[in-house]
Amino acid sequence: MKTRREIRARKALRDRIAYHGIGIGTAFFFLAPFMIGFLASFRPSSESGWPPLPPWPLSGISFDAYRILDGFGSGVWQHTMNSLVVSLGTVVLTVAVSVLAGYGFSRYRFPFKNALFVLIIATLMIPFQSILTPLFIILARLGLNNSLFGLMLVYVTLQLPFSVFMMRNAFDAVPKEIEEAARIDGARDLKLLVRVLLPLVMPGVATVSIFAFLNAWNEFLAALVLLSSNENYTLPVLMMAVRAGRLGAINWGAVQAGVAVMVVPCLIVFLLLQRYYMRGLMAGAVK
């Protein structure tokens, strides 16, 4: 006759198997489209128009799709570098400004503090498309039209309301006793922020970085409107040309190759920062 311990052990084993089985099944469900697109990008040209299943190349691995993709615009690597420059610059500037602003809103008192914070958050309700024309005029007056730096500044401006909100709440979650102890030890302002508080709010910084990178990397409309020269276009604009095809003929192999090029950096960034992501999201969402 089975003892209660054996029954509990078997029940726990079944629960673990069910838990991991559901997790693996869910992961497969979400990863399958990416794997199908990635494997299909290595099909030869003769198989590029075939049905998606099976996704792997049947007559050997080929880089025809990537060579065709490189023939669009100024080349896929040029446009990839443009997207990387804009995305990484957006991350650096967004983190720098939002950390300082979040620290100021969390720890300092100044006139109209709450009203200014509400005004910053209220800009989230303004549709981005409605301010494209004013942004275009402002960049033209500043001489930053058709430049990656100008596009970067636009992305930073659009990211700041959410980022400031996240960082203020992240600093609010840090006990003030830690800051007071550091001040007693001689730390002041910037030194206190960089050496003491910044390591404690790294989950919030990681969350802001992920959102800033993904939004800048995948943004299409502003890049299309604010950039006018082919060599400055980012990857989403290139993908529009690939998706439109040449003379009405769409090369689906090149489309799959472009999707793979766009997805891989996003996965790398998320995998590098994912251990901070959930903690930062929770800390920034709840005061």
Side-chain angles (χ1 to χ4, degrees), residues 27-92 146-152 155 209-274:
F28 176 80
F29 178 78
F30 283 102
L31 291 177
F34 298 105
M35 293 305 300
I36 291 174
F38 183 73
L39 292 175
S41 68
F42 293 102
R43 288 178 171 182
S45 298
S46 59
E47 299 180 12
S48 62
W50 288 12
L53 296 177
W56 51 82
L58 299 179
S59 57
I61 294 176
S62 172
F63 294 93
D64 291 346
Y66 291 92
R67 283 191 287 267
I68 295 172
L69 178 65
D70 196 43
F72 285 87
S74 297
V76 63
W77 304 118
Q78 174 66 36
H79 297 293
T80 301
M81 288 305 301
N82 291 343
S83 289
L84 278 176
V85 169
V86 171
S87 300
L88 294 178
T90 300
V91 170
V92 172
N146 189 34
S147 72
L148 297 180
F149 182 69
L151 183 64
M152 188 189 309
Y155 289 164
S209 300
I210 290 175
F211 273 90
F213 182 87
L214 294 182
N215 288 332
W217 180 266
N218 294 308
E219 204 284 326
F220 164 75
L221 184 58
L224 178 65
V225 173
L226 301 177
L227 300 176
S228 57
S229 59
N230 188 53
E231 62 272 10
N232 285 339
Y233 283 148
T234 55
L235 268 177
V237 181
L238 172 69
M239 286 305 300
M240 180 195 66
V242 177
R243 179 64 180 79
R246 288 173 174 166
L247 301 177
I250 301 174
N251 189 299
W252 293 107
V255 172
Q256 298 291 356
V259 170
V261 171
M262 289 199 65
V263 167
V264 168
C266 298
L267 291 177
I268 293 174
V269 170
F270 185 79
L271 291 175
L272 289 176
L273 300 177
Q274 59 89 22

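These numbers come from the heavy atoms of this one structure, side chains and all, not from hydrogens, waters or symmetry mates.
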How close do [X] and [Y] get, heavy atom to heavy atom, and via which atoms?
X	Y	answer
M262	L235	CG-CD1, 4.1 Å
V91	S209	CG2-O, 3.7 Å
S83	P236	OG-CD, 4.1 Å

According to side-chain contact (heavy atoms from CB on, under 4.5 Å), who are the partners of L88, at least two apart in sequence or on a separate chain? F213
Once side-chain contact (heavy atoms from CB on, under 4.5 Å) is applied, do any residues pair with L214, and if so which ones, sequence neighbours excluded? I210, N218, C266
Point-to-point distance, once rounded to the nearest 0.5 Å, from [atom1] of [X] to [atom2] of [Y]:
X	Y	atom1	atom2	answer
L227	S147	CG	OG	7.5 Å
L238	N230	CG	CG	8.5 Å
Q78	N232	CD	CG	8.0 Å
N146	Y233	CG	OH	8.0 Å

Are any non-hydrogen side-chain atoms of [X] and [Y] less than 4.5 angstrom apart?
X	Y	value
W217	T90	no
F149	V86	no
V261	Y66	yes

Could you point out which residue of T234, V85, N82 forms a side-chain contact (heavy atoms from CB on, under 4.5 Å) with L151? T234
Quick check on F34: does its CZ atom have over 12 non-hydrogen neighbours (other residues, nucleotides or ligands) under 6.0 Å away? no
